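To keep things clear, I will list the structure first and then write my remarks on it.
Each chain gets a letter, A, B and so on, in the order its sequence line appears, and its residues count up from 1. Here the structure is a predicted model, which is why all the values come from computation and not from measurement.
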Number of protein chains: 2
Amino acid sequence: MEDSDRYILESQIGFVMRRVVQRHIAIFFSLIPDLTPTQFAALAKLCELGQASQNELGRLTSMDVATIKGVVDRLRARGLVLAEPLATDKRRLTLTPTPQGKALYRKLVSRAREVSMQTLSPLSETESQQLMVLLRKLD
Amino acid sequence: MEDSDRYILESQIGFVMRRVVQRHIAIFFSLIPDLTPTQFAALAKLCELGQASQNELGRLTSMDVATIKGVVDRLRARGLVLAEPLATDKRRLTLTPTPQGKALYRKLVSRAREVSMQTLSPLSETESQQLMVLLRKLD
DNA sequence: CACAGTCTATTTGTACACAAACAATTTTTG
DNA sequence: CAAAAATTGTTTGTGTACAAATAGACTGTG
């Protein structure tokens with residue numbers, strides 16, 4: 001009764017994940033100080049698609065409407081993304097990466113791969129794959 | 001060359017973890033709307049310790065000095081935590097859970113266990129343990 | 001003992017993250 | 001076709017999260 005009553009914060013999945021994410025973000029920042037992980041994700045996805053509406057980009061990068069707006073606004077302010085209203089649907093804002101946006105993405109993508117590698121560096125190849133499989137099930 | 005050039009956002013550890021954390025927070029909120037995960041972590045740790053300085057509590061819950069201040073301020077505002085300057089070291093703020101804070105913690109702790117269980121519910125017992133072992137290595 | 005370095009807490013500024021409410025526009029459907 | 005429903009984007013408010021700067025208090029060493 002005593003023992004089962006104890007709640008060990010450090011053993012909870014949420015707590016451990018928060019710490020792992022903190023470490024990951026620190027690694028990201030050390031290798032890519034130019035952009036935040038979120039901004040890079042949005043830019044990467046937009047470069048992959050070539051074009052997308054703001055909402056669409058948010059959905060594909062798992063960002064809330066309010067969040068993606070902020071992220072896109074900052075990318076626009078830095079001249080990495082262009083936004084234009086869509087003629088055929090006046091609700092939508094069509095986003096396109098600018099040449100600078102594409103260039104920055106191309107420059108940073110290898111470092112982004114390195115971020116993932118460094119994050120997983122305490123694990124063996126097999127362990128890394130296992131982890132990804134398990135995390136995907138929680139996705 | 002083509003294939004190794006592709007950067008698949010959805011396969012990156014950071015992206016997947018962000019999504020898993022989002023799901024976890026949603027589960028947390030559905031079971032414990034009273035407090036945020038962070039607030040609960042701080043309260044739980046403080047109840048475990050009985051007492052701690054603000055900085056100490058921050059370190060033990062992996063929160064930045066500015067973050068723990070905000071969290072503690074909100075717990076104090078709700079009468080869950082009491083803060084008193086320490087006579088023997090005037091820099092420190094001694095934190096103690098109030099009776100209401102302790103009562104709330106006792107009330108919520110079983111639900112917090114349930115949050116962890118629901119988060120891990122897509123995994124078998126063995127898989128959950130594997131995941132925790134792997135995440136701890138990235139910690 | 002003095003003072004340089006460390007520690008604690010606060011403040012400010014930037015950036016996610018999400019809920020809720022709103023306006024403007026499609027789209028659906030009765 | 002007209003009203004209802006859904007979609008897109010914006011705004012506001014709350015809550016992490018972290019960097020950097022500051023002030024006050026302690027500690028250690030010369």
For A:Asp89, which contact category applies under a 4.0 Å heavy-atom criterion: base, sugar-phosphate, or nothing? sugar-phosphate
Indicate, with a heavy-atom threshold strictly under 4.0 Å, whether A:Lys90 touches base, sugar-phosphate, or nothing. sugar-phosphate
Going by the rule side-chain hydrogen bond (donor to acceptor under 3.5 Å, both in side chains), which residues pair with A:Thr36 if we only count those two or more places apart in sequence or in a different chain? none
Please name all residues satisfying side-chain hydrogen bond (donor to acceptor under 3.5 Å, both in side chains) with A:Lys137, sequence neighbours left out, ordered by chain then number. B:Glu127
For [X] and [N], what is the distance between atoms [atom1] and [atom2] respectively, to the nearest whole Å?
{"X": "B:Arg76", "N": "C:dA9", "atom1": "CZ", "atom2": "P", "answer": "11 Å"}
{"X": "B:Asp73", "N": "D:dG15", "atom1": "CG", "atom2": "P", "answer": "11 Å"}
{"X": "A:Leu93", "N": "D:dT11", "atom1": "CG", "atom2": "P", "answer": "12 Å"}
{"X": "B:Ile68", "N": "C:dT11", "atom1": "CD1", "atom2": "P", "answer": "16 Å"}
{"X": "B:Asp64", "N": "C:dA9", "atom1": "CG", "atom2": "P", "answer": "13 Å"}
{"X": "B:Leu86", "N": "D:dA25", "atom1": "CG", "atom2": "C1'", "answer": "12 Å"}
{"X": "B:Met63", "N": "C:dT8", "atom1": "CE", "atom2": "P", "answer": "17 Å"}
{"X": "B:Lys69", "N": "D:dA20", "atom1": "NZ", "atom2": "P", "answer": "21 Å"}

Report the residues that fulfil ring-ring contact (aromatic ring centres under 6.0 Å, His included) with B:Tyr105, sequence neighbours left out, ordered by chain and then residue number. B:Phe40
Taking 4.0 angstrom as the limit, do B:Glu48 and B:Lys45 come out as a salt bridge? yes
With no hydrogens and no angle check, is any side-chain donor or acceptor of [X] less than 3.5 Å from a backbone partner on [Y]?
{"X": "B:Glu10", "Y": "B:Val16", "value": "no"}
{"X": "B:Arg23", "Y": "A:Leu138", "value": "yes"}
{"X": "A:Thr61", "Y": "A:Ala42", "value": "no"}

Every protein N/O lying under 3.5 Å from an N/O of nucleotides 12-14 of chain C:
none

Mapping B:Thr94 and A:Ala87 to their closest nucleotides on DNA chain C, which lands nearer the 5' end? B:Thr94
Just checking, is any N or O donor in the side chain of B:Ser116 or A:Gln12 under 3.5 Å from an acceptor N or O on the other one? yes
Please tabulate, one pair per line, each protein N/O and nucleotide N/O from nucleotides 4-7 of chain D that are separated by under 3.5 Å, including the distance.
| from | atom 1 | to | atom 2 | distance (Å) |
| --- | --- | --- | --- | --- |
| D:dT7 | O2 | A:Arg91 | NH1 | 2.9 |

Name every residue in residues 17-42 of chain B that has at least one heavy atom under 4.0 Å from any atom of DNA chain D, in order of residue number, or write none if there are no such residues. B:Thr36, B:Thr38, B:Gln39
